[in-house]
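Presented below is the structure to which this report refers.
Just so it is clear: chains get the letters A, B, ... in the order the sequence lines come, proteins before strands, and each one is counted from 1. What you see is a predicted model, and the numbers here were worked out from it, not measured in a lab.
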Amino acid sequence: MTIVEKIAEAVIEGLLKEYDFKTTHKDLQITLTKPEFEGDYTLVLFSLVKKVNTTPELLANTLGEYLIKNYKELFQDFNVIKGFLNLGISNKLLITFAADNYNNFSFGTKAATGKTVMVEYASPNTNKPLHLGHLRNIFIGWSIAEILKANGHEVIKTCIVNDRGIHICKSMLAWQRYANGDTPKNTHTKGDHFVGDYYVKFNDIYKEEISLLVSKGIPNETAKKEAPIMKATQDMLLAWENNDPKVKDLWQTMNGWVYEGFAETYKRIGADFDKTYYESDTYLLGKDFVYEGLEEGKLFTKEDGSIWIDLTAEGLEEKLLLRSDGTSVYMTSDIGLANVKYNEYHPQKSIYVIGDEQNYHMKVLQQVCKKLGMPYADDIFHLSYGMVELTTGKMKSREGTVVDADDIIDEVISTAKHHTEELGKTKDFTENQLMALYETIGLGAMKFYLLRVDPKKRMIFNPEESIDFHGFTGPFIQYTFARIQSVFRKINTDEKISFEIDASSFQELTPLEKELLILLEQYPTIITQAADELNPSVIALYAFQIAQKFNTFYNSHAIASADTMEQKKLRFELSSITANVIKSSMQLLGISVPQKM
RNA sequence: GGUCCGGUAGCUCAGUUGGAUAGAGCAUCAGCCUUCUAAGCUGAGGGUCAUUGGUUCGAAUCCAAUCCGGAUCACCA
């Protein structure tokens with residue numbers, strides 16, 4: 001049981017005994033005491049005053065007296081300011097906590113729940129390389145999956161690859177016309193970038209053709225449709241859908257190049273998937289459900305034969321599910337995919353990590369599934385994250401302001417190299433160790449930067465300033481870990497001692513030791529909270545607070561050369577739990593920690 | 001226009017089931033390395049919590065209106 005739970009239990013009993021008033025944990029406000037007041041945890045009593053018909057001060061004092069008298073193991077003192085009851089947690093309890101957990105590396109992880117959760121993330125198109133927005137998506141998705149695992153859930157990480165459609169044909173056509181048989185290999189280009197360049201090429205030609213037509217007096221809208229290269233692309237899509245072997249062959253080849261490029265990036269950033277779906281395999285599957293829904297009268301047709309769903313009663317609009325020519329739209333293939341996922345894994349919850357620009361689409365998808373009577377409809381959850389924007393506005397490929405994933409990763413790793421060299425602490429590293437260290441620090445900075453912000457909110461990235469390595473950053477936390485390892489190396493060579501403390505004979509804590517222990521004790525609660533909110537930034541913020549508190553402690557307390565053996569043991573335990581919590585929480589963010597830096 | 005999201009320090013962000021003097025990092029300024037890693041620590045300055053009104057013992061947090069920004073409302077994906 002956590003300290004807060006223990007406090008709640010004691011308070012509930014106190015209220016019952018002293019006031020004959022029944023309450024529950026969630027009706028109690030228990031928070032960390034603000035630094036300017038005495039105490040560790042604070043119970044806010046204003047809301048209870050009316051219910052037990054007394055004054056705030058009286059209630060707080062009565063409860064305080066009760067708690068200190070009946071829960072000596074838990075509390076050592078209290079004070080009252082108005083309706084705030086500030087409680088001092090007993091040193092003995094905290095020292096026992098330290099002794100019990102300093103060697104416990106699963107501290108924080110929960111027992112298995114038997115619940116299966118699917119997390120879909122990344123979901124790239126195969127016509128261009130990944131960019132900064134994808135990185136945010138990938139880091140969030142991956143981290144959420146790990147956080148859910150830590151909470152005892154079975155997690156299936158999935159990825160849907162949007163590998164077909166008109167946009168894919170664009171790069172194919174441009175390659176066919178302008179590449180002269182070039183490949184990623186003979187041009188020494190990463191496959192996804194290679195293909196992406198032809199997508200850009202397509203758009204350049206397309207634009208030229210449009211302006212040519214417009215200059216001949218053709219209206220813009222018509223020009224967009226009539227541009228020869230666009231016509232050719234549509235023909236290609238048609239050929240693709242009719243399984244034209246040449247087109248399919250080209251498609252296979254070019255997508256293959258892209259996959260090789262993606263795989264390289266995924267490997268580098270540690271993204272992995274248990275199951276990858278391809279839109280080309282699933283895009284037709286939704287059709288049957290649409291026809292079925294139509295037969296059951298849940299859908300309707302318009303005069304031209306197109307099939308629609310009426311969601312006006314749900315506060316949404318009418319939505320097209322099948323075109324008049326019988327071909328499927330985005331929504332249709334999403335219905336199909338949802339079914340495939342469900343049939344394959346039967347998850348209790350299916351999380352889609354998708355940008356907030358698709359809020360409406362996902363709302364509609366869920367309602368459509370509901371109307372069609374899908375058993376999993378209510379278990380679909382759109383984890384909607386905000387776009388990454390630049391200080392100058394949105395990233396636009398047209399204006400060349402897209403921050404490429406591979407570029408930014410290279411950049412942050414080279415910055416890590418630069419900083420490390422400048423500090424000159426790595427003289428005993430081999431070349432390989434150095435390369436690994438730069439990756440660890442660079443990627444740590446990158447991932448932490450993108451995960452420390454609430455996923456729901458859009459965030460702003462300033463490409464002029466490189467990602468920071470000081471303060472509320474990954475490297476700061478990594479550094480704290482490395483620092484602790486350094487202390488351990490010192491202690492281990494010193495002498496062999498047992499680090500168990502007898503909490504019945506030693507009960508001294510400095511204020512900072514106490515604050516640190518109280519923070520560390522909250523780790524399991526934080527993991528639960530992060531899972532409940534599906535929010536990795538909760539972990540990031542917590543890891544930072546731990547590192548910050550430890551550094552303050554470190555600065556004013558000798559560890560290896562503490563005054564007494566008991567103090568030395570306690571501080572070792574404290575450092576050990578801190579290191580463990582840092583390592584474990586950073587792991588949940590996909591960030592590794594170095595032994596030295 | 002409808003719907004949804006947002007506006008907190010110069011910048012990037014915490015804080016919203018209503019609670020104590022609104023926090024952190026960066027940036028700026030002033031200190032701290034003969035002691036376990038200075039990617040660190042200590043301190044200072046910096047706020048009309050978009051605006052106005054309301055609800056009450058108490059509002060950044062709840063309600064209403066207004067202003068500003070964004071997303072979305074395709075036989076695109």
Side-chain angles (χ1 to χ4, degrees), chain A residues 26-27 29 31 33-37 42 44-47 49-50 56 81-84 86 123 125 127 162 164-168 279 283 302 304 306-308 315-317 319-325 327-331 333-334 355-361 363-364 384 386-387 389 391 393-394 416 419-420 422-423 425 441 445 449 452-454 456-462 465 468-480 482-491 494 537-538 540-541 544-545 547-548 550-562 571 575 596-597:
Chain A
K26 71 172 172 39
D27 291 318
Q29 278 187 71
T31 57
T33 302
K34 294 209 163 199
E36 57 268 35
F37 299 98
T42 295
V44 186
L45 293 165
F46 294 99
S47 55
V49 167
K50 279 180 200 153
I81 298 169
K82 293 186 281 184
F84 299 97
N86 299 320
S123 308
N125 292 346
N127 61 343
N162 298 303
R164 47 138 256 125
I166 192 87
H167 52 298
I168 309 298
E279 205 203 329
Y283 84 108
K302 290 200 173 176
D304 60 4
S306 55
I307 302 177
W308 296 70
L316 304 169
E317 288 158 43
K319 185 80 191 173
L320 176 84
L321 297 183
L322 272 186
R323 295 192 185 99
S324 48
D325 63 4
T327 57
S328 60
V329 291
Y330 183 36
M331 189 62 70
S333 73
D334 266 4
D356 61 7
E357 58 193 355
Q358 295 198 35
N359 284 353
Y360 183 75
H361 173 82
K363 216 191 256 180
V364 172
S384 164
M387 299 286 106
E389 286 175 25
T391 34
K394 283 193 76 173
H419 275 297
T420 307
E422 220 168 43
L423 289 167
K425 297 187 202 170
I441 297 172
Y449 180 85
R452 67 179 202 184
V453 181
D454 185 338
K456 290 190 289 295
K457 297 191 177 168
R458 63 170 187 269
M459 61 182 293
I460 293 174
F461 173 75
N462 187 348
E465 299 167 10
D468 226 303
F469 285 66
H470 302 272
F472 186 17
T473 67
F476 169 83
I477 299 168
Q478 291 173 321
Y479 171 75
T480 309
R483 211 177 203 189
I484 295 171
Q485 301 313 307
S486 170
V487 176
F488 288 170
R489 284 190 289 272
K490 173 121 181 165
I491 289 180
D494 250 24
S537 78
V538 169
L541 184 65
F544 171 65
Q545 283 169 343
Q548 208 178 28
F550 181 86
N551 279 316
T552 303
F553 157 81
Y554 175 92
N555 229 258
S556 54
H557 293 65
I559 300 170
S561 50
R571 291 175 188 176
S575 306
K596 290 185 193 174
M597 69 184 274

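Rounded to an integer number of Å, the gap from A:K82 NZ to B:rC57 P is 15 Å. Going from atom OH of A:Y360 over to atom P of B:rA74 covers 7 Å, rounded to whole Å. Between the NZ atom of A:K319 and the C1' atom of B:rU3 there is a distance of 14 Å, given to the nearest Å. Atom CG in A:N555 sits roughly 11 Å away from atom P in B:rC33 (whole-Å rounding). Between A:Y330 atom OH and B:rU72 atom P there is a gap of 12 Å when expressed in whole angstrom units. When rounded to the nearest whole Å, the span between CD of A:E357 and C1' of B:rC5 equals 13 Å. For the pair A:E422 CD and B:rA38 C1', the computed distance is 14 Å after rounding to whole Å. Atom C1' of nucleotide B:rA14 and atom CG of A:L541 are separated by 6 Å, given to the nearest angstrom.
Residue contacts shown for A:M597 include a base, since a base heavy atom lies under 4.0 Å away. If you check every strand for non-hydrogen atoms under 4.0 Å, A:Q478 touches nothing. Using a 4.0 Å heavy-atom distance criterion, A:I484 is classed as making no nucleic acid contact. Nucleic acid contact for A:Y554: base, since at least one base atom lies under 4.0 Å from a heavy atom of the residue. Using a 4.0 Å heavy-atom distance criterion, A:S575 is classed as making no nucleic acid contact. In this structure, A:L423 reaches the bases: a heavy-atom distance under 4.0 Å links it to at least one base atom across the strands shown. A:D454 comes within 4.0 angstrom of sugar-phosphate atoms only, judged by non-hydrogen atoms across all strands, and of no base. In this structure, A:T42 reaches the bases: a heavy-atom distance under 4.0 Å links it to at least one base atom across the strands shown. Across all strands shown, A:E465 has no heavy atoms under 4.0 Å from either base or sugar-phosphate atoms.
Taking the side chain of A:R483 as heavy atoms from C-beta on, and the options B:rG40, B:rA14, B:rA77, the nearest nucleotide is B:rG40. Among the nucleotides B:rC36, B:rC26, B:rA77, the one closest to the side chain of A:D468 is B:rC26. The listed nucleotides are B:rC41, B:rG19, B:rA77; the one nearest the side chain of A:H361 is B:rA77. The side chain of A:R452 lies closest to B:rU12, out of B:rA38, B:rA77, B:rU12. Side-chain proximity of A:V453 to B:rA77, B:rA20, B:rA14: nearest is B:rA14.
Centroid-to-centroid, the aromatic rings of A:F553 and A:F550 come within less than 6.0 Å.
Comparing B:rG7 with B:rG19, their C1' atoms are spaced 24 Å from each other, to the whole Å. Comparing the same atom, P, in B:rG23 and in B:rG43 gives a spacing of 14 Å after rounding to whole Å. Separating the C1' atom of B:rA44 from that of B:rU35 is a span of 28 Å, rounded to the nearest Å. Of the P atoms belonging to B:rC63 and B:rU3, the separation is 16 Å, rounded to the nearest Å. If you take atom P in B:rU55 and the same atom in B:rG46, they sit 34 Å apart, rounded to whole Å. Rounded to whole Å, the separation between the C1' atoms of B:rU16 and B:rA60 comes to 8 Å. Using atom C1' as the reference point in both B:rG45 and B:rC5, the two lie 35 Å apart (nearest Å). A gap of 36 Å separates the C1' atoms of B:rG18 and B:rU28, to the nearest Å.
When the side-chain nitrogen and oxygen atoms of A:Q548 are compared with OP1 and OP2 of B:rG25, one or more of them lie within a distance under 4.0 Å. Contact annotation: A:R458 does not reach the phosphate of B:rG69 (side-chain N/O to OP1 or OP2, under 4.0 Å). An OP1 or OP2 oxygen of B:rA74 is reached within less than 4.0 angstrom by no side-chain nitrogen or oxygen of A:R323. In this model, the phosphate group of B:rG25 is not approached by any side-chain N or O of A:H470 to a distance below 4.0 Å at OP1 or OP2. At the phosphate of B:rU42, OP1 or OP2 sits under 4.0 Å from a side-chain N or O atom of A:T552.
The pairing partner recorded for B:rU34 is none, the criterion being a Watson-Crick or G-U wobble arrangement whose two distances lie under 3.5 angstrom. Across all strands shown, the partner of B:rA64 is B:rU52, judged by Watson-Crick or G-U wobble contacts whose two distances both fall under 3.5 Å. B:rG1 and B:rC73 make up a base pair, with Watson-Crick or G-U wobble contacts both under 3.5 Å. Remark: B:rG47 base-pairs with no nucleotide; criterion is Watson-Crick or G-U wobble with both hydrogen-bond distances under 3.5 Å. Searching all strands for a Watson-Crick or G-U wobble partner of B:rC26 with both distances below 3.5 Å returns B:rG10.
Between A:A482 and A:N125, the residue anchored closer to the 5' end of RNA chain B is A:A482, taking for each the nucleotide with the nearest heavy atom. Comparing A:K50 and A:Q485 by the nucleotide of RNA chain B that holds the closest heavy atom to each, the one mapping nearer the 5' end is A:Q485.
Taking 3.5 Å as the limit, the base of B:rA20 and the side chain of A:N86 contain a donor-acceptor pair of atoms between them.
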**OP:** Give the C-alpha distance, both sets of side-chain angles, the deciding distance and a yes or no for side chain to side chain contact (heavy atoms under 4.5 Å, CB included) between A:F84 and A:L45.
**Re:** CA-CA 6 Å; A:F84 299 97; A:L45 293 165; over 6 Å; no

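Listed for the A:R323 side chain is no donor-acceptor partner under 3.5 Å among the backbone atoms of A:S306. Checking side-chain atoms of A:S575 against main-chain N and O of A:I484 turns up no donor-acceptor pair under 3.5 Å. Remark: the backbone N or O of A:T327 is paired with a side-chain donor or acceptor of A:D325 at under 3.5 angstrom.
For the pair A:P475 and A:F469, the tightest heavy-atom approach, listed with the atom from each and the gap, is CG-CD2, 3.4 Å.
In this structure, B:rC41 is classed as anti because its glycosidic torsion departs from zero by more than 90°.
Where stacking is scored as ring centres under 5.5 Å apart with planes under 30°, A:F84 registers as stacked on the base of B:rA20. Remark: ring of A:F472 does not overlap the six-membered base ring of B:rA24 in a stacked fashion, as centroids less than 5.5 Å apart with planes less than 30° apart are not both met.
A donor atom on one side chain and an acceptor atom on the other are found under 3.5 Å apart for A:H361 and A:D334. When only modelled atom types and interatomic distance are considered, A:N359 and A:S384 share a side-chain donor-acceptor pair under 3.5 Å.
A cation-pi arrangement is present between A:R452 and A:F472, with the terminal nitrogen or guanidinium carbon under 6.0 Å from the aromatic centre and inside a 45° cone about the axis.
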